[in-house]
Student: 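Next up is a structure, given as structure tokens.
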Amino acid sequence: MNIKNLMICFLLILIASCTKKNVKISIADNKVKTDTLKSIYSHPKSKHCSDLAQGYYKRFGILISNFYEVGSFIPYDFNNDGATDTIAILNPFTSIPMTRNFSECYSKEINDRLLVFIKNDGSESRIYRTYANVISNEISATWEGGEFLRSEKDGFSLIGDKGQGCKFEYDIFIKQTNNEFFLNRIKMSFYCPNQKIIEKKYNYRDEKISLKDYKRNIIDSLKIINNF
């Protein structure tokens with residue numbers, strides 16, 4: 001084989017080697033995926049509703065189904081690593097009263113508001129935990145309902161209120177212990193104009209009710225017990 005042919009062979013080997021390296025990098029890049037929060041919502045009769053729920057948007061470093069709208073959220077740090085994590089409430093787009101989305105798209109089967117923990121490790125975010133059993137799903141034709149988040153030492157609170165003339169308000173404190181979250185206490189108050197405020201407080205420190213075992217209807221049960 002002469003020198004010219006040797007040079008051609010060398011160039012072919014070099015090109016093939018470079019091409020393989022580029023393919024490997026491309027495959028590695030494709031493995032980097034954004035964590036995604038999905039929904040199974042679809043409407044059997046309304047294409048308008050089903051279309052609204054299609055697709056995703058990016059928030060807090062994750063992809064969220066268009067079925068959900070971000071409600072209350074707070075910064076948090078789950079493991080004290082200095083990176084800003086997030087606790088957020090996601091509301092179905094069907095839960096906003098006096099809109100076409102509510103009147104036409106509301107579904108009793110798929111209407112859970114979600115409490116979502118999003119962890120940020122400094123380079124990417126991921127869905128840490130999702131709870132469909134915590135946030136109130138109560139809704140009316142004129143009142144959106146739900147709750148909002150408030151930061152607390154060693155945890156967070158869910159704050160809610162109901163009523164217009166007479167008001168019922170509550171504060172649910174969730175405490176973090178190591179990597180778990182437990183119901184710590186519930187404060188409730190009820191008052192009407194020109195009447196004395198009635199307040200109740202329930203401590204759950206010793207009962208170890210984890211957030212995954214918490215049931216959203218506990219507030220309604222306590223409200224009935226106290227005749228609020």
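Count residues from 1 along the sequence.
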Student: Measure from NZ or CZ of Lys223 to the centre of the six-membered ring of Phe228 and say whether it is under 6.0 Å with the direction within 45° of the ring axis.
Tutor: no
Student: Taking Ser125's backbone N and O only, do any of them form a donor-acceptor pair with Asn120's side chain (distance below 3.5 Å, no angle check)?
Tutor: no
Student: Step by step, work out the salt bridge (charged side-chain N to carboxylate O under 4.0 Å, His left out) result for Glu69 and Arg113.
Tutor: CA-CA 10 Å; Glu69 297 181 353; Arg113 293 182 169 99; over 6 Å; no
Student: Glu104 and Ser46: side-chain donor and acceptor closer than 3.5 Å?
Tutor: yes
Student: If you count every heavy atom of other residues, nucleotides or ligands that lies below 6.0 Å from Asn227 atom CG, does the total exceed 12?
Tutor: no
Student: Answer with yes or no after comparing the ring centroid distance for Phe60 and Phe73 against a 6.0 Å cut-off, counting only values under it.
Tutor: yes
Student: Ring centroid separation for Tyr131 and Phe117, is it under 6.0 angstrom?
Tutor: yes
Student: Taking atom CD1 of Ile172 and atom NZ of Lys187, what is their separation to the nearest 0.5 Å?
Tutor: 12.5 Å
Student: Can Tyr170 be reached from Tyr191 by stepping across I, L, V, M, F, W or Y side chains whose heavy atoms are under 4.5 Å apart?
Tutor: no
Student: Taking the side chain as every heavy atom from C-beta outward, state whether Glu147 and Ile135 have any atom pair closer than 4.5 Å.
Tutor: yes
Student: What distance separates Ile159 CD1 from Phe156 CZ, expressed to the nearest 0.5 Å?
Tutor: 11.0 Å
Student: Is the closest basic N to carboxylate O distance between Asp171 and Arg150 below 4.0 Å?
Tutor: yes
Student: Working note: Phe93 + Tyr68, criterion ring pair (Phe, Tyr, Trp, His ring centres under 6.0 Å); need CA distance, chi angles, decisive distance, verdict.
Tutor: CA-CA 6 Å; Phe93 76 90; Tyr68 296 106; 9.3 Å; no
Student: Rounded to the nearest 0.5 Å, how far apart are CD of Glu199 and OG of Ser189?
Tutor: 6.0 Å
Student: Between Phe67, Tyr41, Tyr106, which is the residue that forms a side-chain contact (heavy atoms from CB on, under 4.5 Å) with Cys49?
Tutor: Tyr41
Student: Return the orientation label for the Phe181 and Tyr76 ring planes: parallel under 30°, perpendicular over 60°, tilted otherwise.
Tutor: tilted
Student: Kindly write out the residues that satisfy side chain to side chain contact (heavy atoms under 4.5 Å, CB included) with Ile224, not counting sequence neighbours, or none if the list is empty.
Tutor: none
Student: Answer yes or no: is there a donor N or O on one side and an acceptor on the other, between the side chain of Asn203 and the main chain of Arg205, under 3.5 Å?
Tutor: no
Student: Can you confirm whether more than 12 heavy atoms, excluding those of Lys167, are under 6.0 Å from its NZ atom?
Tutor: yes
Student: Check step by step if side-chain hydrogen bond (donor to acceptor under 3.5 Å, both in side chains) holds for Glu152 and Ser157.
Tutor: CA-CA 7 Å; Glu152 305 279 5; Ser157 283; 2.9 Å; yes
Student: Does a salt bridge link Asp112 with Arg216, judged by any charged N lying under 4.0 Å from a carboxylate O?
Tutor: yes
Student: With Glu180 as reference, evaluate Lys175, Lys212, Arg129 under the salt bridge (charged side-chain N to carboxylate O under 4.0 Å, His left out) test and give the passing residue.
Tutor: Arg129
Student: Using salt bridge (charged side-chain N to carboxylate O under 4.0 Å, His left out), reason through Glu138 and Lys162 one step at a time and then give a plain yes or no.
Tutor: CA-CA 10 Å; Glu138 188 172 350; Lys162 303 177 182 182; 2.6 Å; yes
